[in-house]
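Here the structure is laid out as structure tokens; the discussion comes afterwards.
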Amino acid sequence: QRGRTLEARGPGPARTFTLRSGARLLDALGSRVVYYAGRDVRLLNLTTGADRLLARGSTAALEGPRAALANGRIVTLLGL
């Protein structure tokens with residue numbers, strides 16, 4: 001990640017994605033990336049380019065088909 005630009009490299013050609021203002025990459029697993037922007041934790045699908053809000057929070061981690069989201073001292077597991 002450089003600023004708002006995320007470059008994904010893999011077996012095919014590199015792809016670039018523009019993230020929301022103030023974005024900070026938190027985790028990546030397979031074709032999914034989770035990042036923080038403002039007070040939102042967002043999920044970006046590197047295959048489709050779809051970017052969606054997961055929850056309000058401050059950090060997150062991907063683990064298999066789930067995301068662990070933290071907001072203060074509360075941790076929530078979400079199925080993806």
Side-chain angles (χ1 to χ4, degrees):
Q1 176 186 348
R2 276 214 167 108
R4 293 180 58 196
T5 303
L6 177 70
E7 183 175 333
R9 298 178 186 179
R15 293 184 64 193
T16 58
F17 301 89
T18 301
L19 304 177
R20 297 190 177 242
S21 180
R24 181 175 46 114
L25 183 65
L26 298 173
D27 199 9
L29 181 65
S31 64
R32 296 174 302 190
V33 169
V34 65
Y35 72 95
Y36 174 79
R39 288 185 265 175
D40 299 337
V41 175
R42 304 192 63 85
L43 180 71
L44 172 65
N45 184 311
L46 298 175
T47 303
T48 65
D51 184 345
R52 69 179 177 105
L53 176 67
L54 279 181
R56 297 269 184 195
S58 56
T59 192
L62 296 172
E63 184 63 40
R66 294 190 181 121
L69 302 151
N71 190 4
R73 295 180 357 182
I74 298 170
V75 177
T76 305
L77 293 175
L78 289 180
L80 301 175

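Residue numbers run from 1 in the order of the sequence given.
- The nearest pair of heavy atoms linking D40 to R56 is OD1-NH1, 2.8 Å.
- Other members of the cluster containing L77 do not exist, because no ILVMFWY side chain is joined to it at under 4.5 Å.
- Checked by atom type and distance alone, the side chain of Q1 pairs as donor or acceptor with a backbone atom of G3 at under 3.5 Å.
- Residue L54 shares its hydrophobic cluster (ILVMFWY side chains chained together at separations under 4.5 Å) with L26, L29, V34, Y36, V41, L43, L62, L69, L78, L80.
- Under the side-chain hydrogen bond (donor to acceptor under 3.5 Å, both in side chains) criterion, D51 pairs with Y35, R42, not counting sequence neighbours.
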Would you mind writing out the side-chain donor-acceptor pairs for residues 14-23 within the sub-3.5 Å range, not counting sequence neighbours?
residue, atom, partner, partner atom, Å
R15, NH1, L46, O, 2.7
R15, NH1, T47, O, 3.1

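- Residue I74 shares its hydrophobic cluster (ILVMFWY side chains chained together at separations under 4.5 Å) with no other residue.
- The two atoms that bring A68 and V75 nearest to each other are CB-CG1, 4.5 Å, heavy atoms only.
- Cluster partners of L53 are absent, since no Ile, Leu, Val, Met, Phe, Trp or Tyr has side-chain heavy atoms less than 4.5 Å from it.
- No more than 12 heavy atoms of other residues, nucleotides or ligands sit less than 6.0 Å from atom CZ of R66.
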